[in-house]
Amino acid sequence: MNLRLSLFWLFSALVVTDSTAQQTVKESTGVYQFLTDDPNQKPFYNDRKGVAAKNGLVASAHPAASEVGMEILRAGGNAIDAAVAVQFALAVVHPSAGNIGGGGFLVLRTSEGKSISIDFREKAPAKAHADMYLDKDGQVIPKLSILGRLASGVPGSVAGMAEAHAKYGKLPWKQVLQPAIDLANNGVVQTAKEANGLNIIKKKILELNPGTSYFQKASGEAWKEGDLLIQKDLAKVLQRVQKKGSAGFYKGKVAKMLVKEMNRMDKGIITKKDLSGYQVAWREPVIDTYKDYQVISMAPPSSGGIALVQLLKLVEPYPLKRWGWHSDSTIQVMIEAERRVYADRAKFLGDPDFVNIPTKTLTDKEYLAQRWKDFTFSKATDSKDVDGGSIPGYESMETTHFSVVDKDRNAVSVTTTLNGGYGSMVVVKGGGFLMNNEMDDFSLKPGVPNMFGLIGNKANAIAPGKRMLSSMTPTILEKNGKLFMVVGTPGGSTIITSVFQTVLNVIEHGMSMQQSVNALKFHHQWLPDLTLFEANAFSGKTITSLQQKGYQLEKLTNTLGRMDCILVGDDGWLEGGSDPRGDDTSIGY
Ligand code: GLY
């Protein structure tokens, strides 16, 4: 029989000065309970400490990108200026996900409390059609939506940044672009993880871009930590964007290069007209409440905001805090909420410019209460018995996230992506930038899972000019009308559940921002009917209890999430929580 030990992690606020930096390191704040069989087991991936800052803070996937954002804040820029600079810097220093050839979502809460969001998600090209990835027998052709030129949607990142900056930026556009140009020209020192990533994909890049030197080491050797990645062609593209704004990407020389690239080898379908016609969408964010908190998140075509609100409201009636972090009851309720929410995602969500989404109903308390009707604590619900809810009248790892807060408390939450790591692996010749493989986020055929195992339906079928459904969940929370938290992560379908857990870890379990990021995580997405968990995330007792109720559990050999988040303390100080699972870094001042 397992020995059950109750470990009570009791923390008091402790701020110690880090002698190597201008910052202080915030240790921890809360009280929570963790049940485990092993007295040495901890609830955290590791014990990294949060970064505390008084004025402003940038948390991103790469130290050089966070440094760029900080440089802009120190120069008098606001959170939007810093976010735009970080987005372009990530395209240089973190090419697996940072991008100009992809898209994403930006959520802004201004210092006056106004919330807005920008959808710069990719769009299906005009020549796209519902059956474009099916063979003559109607079967999905493997990899066609994942690798190569046909996998790309029309990129949105440059337009998204240009519009955000034009409306809310303070510093000149030229100034916010310059750090990325310098990084591309002077070279980026490779971290061990970035070097490893390049080694994994360099052969595939050569296959899809014969004879290319992009992302290859001149000597043909393997990349190693400390090597310099210089990207002169990318610097020139960024300079054109710096000079001409959006038109520097969507028109003229860069557009020509991109279309030429589409006409090579396996042939893509993005045209000059697709590029010049690309427009971002300013969307009303999803705004709802969880207890005393206001949740501001991304509306469709991301499923993130609706799903996060559904998850929080589904668990709200349950005493998670009393049950304790990762106790069997807490986990069970969270899994069952996730099962129902992902079933709704598959049935109802898509691009709101093309399908009618019943957002109000999906997030309505009565509707959500109905979704619990078949739940019992004695047994796992079978995903086969769960369909999207019934709504009368209704027919029918790689991404990257960064968070910025400035001295006035403007807050920006951005998640951006090429979809898979290094996207379609097609590099635009002459431009040196990678194209996305976002078309795989559409439902290629009803009921057939995409690369994240997500099932889709008619609502997310391909159509010309339509945006593919996303799971990206850039989110901002308010408490008592004041900025409280900025949160987000990459991770495909696991984004929503990682954000959900990170929010609950702080609000219910009293963790600091960094502890909440460090905390081990799990994921369920309705289908496949499986709960994935990071090693040590569940105690032996929890595992036994869940298995006895019929839950299928699978311990991951890799990790979940690369969170980059900011928490505002009661004292007004900021705490950056950046994920120790990656190169993620918070820098504040
Ligand atoms: N490409 C991942 C997502 O948008 O959810």
Side-chain angles (χ1 to χ4, degrees), residues 61 87 90-91 94-107 117-124 133 143 145-147 151-157 160 280-281 283 286 297-308 311 338 341-342 344-346 348-352 397-402 413-425 434-444 449-457 459-460 462 466-475 487-500 523 525-526 560-563:
Q87 168 81 30
L90 283 168
H94 187 47
S96 63
N99 68 82
I100 53 173
F105 301 103
L106 179 152
V107 176
S117 68
I118 308 177
D119 163 4
F120 55 98
R121 182 75 160 160
E122 299 90 328
K123 283 182 156 197
Y133 298 109
K143 300 259 174 12
S145 62
I146 296 179
L147 288 170
S152 296
V154 184
S157 291
V280 308
R283 308 245 182 231
V286 171
S297 192
M298 196 61 220
S302 186
S303 58
I306 290 178
L308 177 65
L311 287 169
E338 289 170 7
V341 166
Y342 277 81
D344 277 351
R345 180 195 191 277
F348 298 115
L349 301 192
D351 182 345
M397 180 178 308
E398 283 301 322
T399 293
T400 189
H401 175 84
F402 55 93
S413 186
V414 177
T415 314
T416 178
T417 189
L418 290 166
N419 196 21
Y422 305 89
S424 65
M425 309 252 183
L434 282 151
M435 288 297 291
N436 68 81
N437 57 355
E438 220 70 63
M439 292 297 282
D440 190 65
D441 268 347
F442 277 116
S443 170
L444 308 184
N450 72 0
M451 76 161 89
F452 301 111
L454 289 167
I455 306 284
N457 224 309
N460 189 31
I462 304 173
K466 189 175 175 183
R467 289 175 156 104
M468 51 298 281
L469 185 61
S470 170
S471 298
M472 292 190 275
T473 315
T475 299
V487 53
T489 182
S493 57
T494 70
I495 291 174
I496 299 164
T497 54
S498 288
V499 170
F500 174 48
H523 172 74
Q525 60 178 46
W526 174 50
L560 287 170
R562 295 277 188 282
M563 313 289 313

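One-based numbering, in listed order, for ligands and for the atoms of each.
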Is there a side chain to side chain contact (heavy atoms under 4.5 Å, CB included) between Asn419 and Asn436 once you walk through the steps? CA-CA 6 Å; Asn419 196 21; Asn436 68 81; 5.6 Å; no
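- Nearest non-hydrogen protein atom to atom 4 (O) of ligand 1 is Ser470 OG, 2.7 Å.
- Using a 4.5 Å heavy-atom threshold, the side chains of Ser413 and His401 count as touching.
- Residue contact check: Asn419 has heavy atoms under 4.0 Å from atoms 1 (N), 2 (C) of ligand 1.
- Considering Thr416, Ile496, Thr415 as possible partners of Met472, the one that fulfils the side chain to side chain contact (heavy atoms under 4.5 Å, CB included) test is Thr415.
- Residue contacts with ligand 1 for Asp441 involve side-chain atoms from C-beta outward but no N, CA, C or O (heavy atoms, distance under 4.0 Å).
- Each of the atoms 4 (O) of ligand 1 lies under 4.0 Å from some heavy atom of Arg121.
- Ring planes of Tyr342 and His523: perpendicular class, angle over 60° (limits at 30 and 60°).
- Ligand 1 has no N or O atom lying under 3.5 Å from any N or O atom of Thr399, backbone or side chain.
- Atom 5 (O) of ligand 1 has its closest protein heavy atom at Ser471 N, 2.7 Å.
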Would Ser297 and Val107 satisfy side chain to side chain contact (heavy atoms under 4.5 Å, CB included), going step by step from the backbone distance to the final call? CA-CA 7 Å; Ser297 192; Val107 176; 5.7 Å; no
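- Those atoms of ligand 1 that come under 4.0 Å of a heavy atom in Glu438, given as number and element, are 1 (N).
- At a cut-off of 3.5 Å, with distance as the only test, a side-chain donor of Gln525 or Ser493 sits close to an acceptor on the other residue.
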